[in-house]
Amino acid sequence: QVQLVESGGGLVQAGGSLTLSCAASGRIFNINAMGWYRQAPGKQRELVAAITRGGSTNYAESVKGRFTISRDNAKSTVYLQMTSLKPEDTAVYYCNAKNVFLDMDYWGKGTLVTVSS
């Protein structure tokens, strides 16, 4: 069992910055990728950014150049640094952890990010 605890969500003005964090605990030995997804009202959940244990990253086109994902393997924590935030970034952000070998996913409960205009 893997538990994901998210923090850092909140209200920020457009153009501002916010950093999310997600700490993984439990049976995390086989977790080799973590990332962030988001879901806005009326929209599908979408991948925002992902990172492997080795440091390879993948970003949604809409956030490239504005968001940065990073990880601290020793702390089993992944971060999402968000800058130049736009109202369209408003969504519930979910932390994800994946066991690639078994194709198993774990999810946090989500943290709300609201960007005001």
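No hydrogens, no waters, no symmetry mates; every other heavy atom, side chains included, goes into these values.
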Practice prompt. For Lys64, check side-chain contact (heavy atoms from CB on, under 4.5 Å) against everything at least two apart and list the hits.
Written response: Tyr59, Glu61

Item to complete: Under the side-chain contact (heavy atoms from CB on, under 4.5 Å) rule, collect the residues that match up with Phe101, sequence neighbours excluded.
Response: Asn32, Asn99

Worksheet item: How far apart are the C-alpha atoms of Trp36 and Glu6, what are their side-chain angles, what is the distance that settles it, and do they pass the side chain to side chain contact (heavy atoms under 4.5 Å, CB included) test?
Response: CA-CA 10 Å; Trp36 293 92; Glu6 302 148 321; 4.2 Å; yes

Discussion item. Determine whether a donor-acceptor pair (N or O, by modelled atom type, separation under 3.5 Å) exists between the side chain of Thr90 and the backbone of Val115.
Written reply: yes

Fill in: Joint cluster assignment, Val2 & Leu102, ILVMFWY side-chain distance < 4.5 Å
yes

Worksheet entry | Within one Ile-Leu-Val-Met-Phe-Trp-Tyr cluster: Ile51 and Met104, side-chain cutoff 4.5 Å | yes

Please set out all donor-acceptor pairs under 3.5 angstrom arising from side-chain atoms of residues 18-26, sequence neighbours excluded.
{"residue": "Ser21", "atom": "OG", "partner": "Ser7", "partner atom": "OG", "Å": "2.6"}
{"residue": "Ser25", "atom": "OG", "partner": "Gln3", "partner atom": "OE1", "Å": "3.4"}

Worksheet item: Is the count of non-hydrogen atoms from other residues, nucleotides or ligands lying under 6.0 Å from Glu88 atom CD greater than 12?
Response: yes

Worksheet item: Looking at OG of Ser62 and CD of Glu46, how far apart are the two atoms once the value is rounded to the nearest 0.5 Å?
Response: 5.5 Å

Fill in: Euclidean distance, Met34 CE relative to Ile69 CD1, rounded to 0.5 Å
8.0 Å

Worksheet item: Within a strict 4.5 Å, meaning less than it, do heavy atoms of the Val48 and Phe67 side chains meet?
Response: yes

Worksheet item: Please walk me through it: do Tyr106 and Gln1 pass side chain to side chain contact (heavy atoms under 4.5 Å, CB included)?
Response: CA-CA 9 Å; Tyr106 303 90; Gln1 185 177 355; 5.8 Å; no

Fill in: Least distance between heavy atoms, Ser117 atom then Ala14 atom
CA-CB, 4.3 Å

Practice prompt. Can you sort out the partners of Asp89 under side-chain hydrogen bond (donor to acceptor under 3.5 Å, both in side chains), two or more places apart, ordered by chain and number?
Written response: Arg38, Arg66

Please report, to 0.1 Å, the donor-acceptor pairs under 3.5 Å made by any side chain of residues 73-81, with sequence neighbours excluded.
{"residue": "Asn73", "atom": "ND2", "partner": "Arg53", "partner atom": "O", "Å": "3.0"}
{"residue": "Thr77", "atom": "OG1", "partner": "Lys75", "partner atom": "O", "Å": "2.9"}

Discussion item. Could you list the cluster mates of Tyr94? Members are the ILVMFWY residues connected by side-chain heavy atoms closer than 4.5 Å, either directly or through other members.
Written reply: Tyr37, Leu47, Val92, Trp107, Leu112

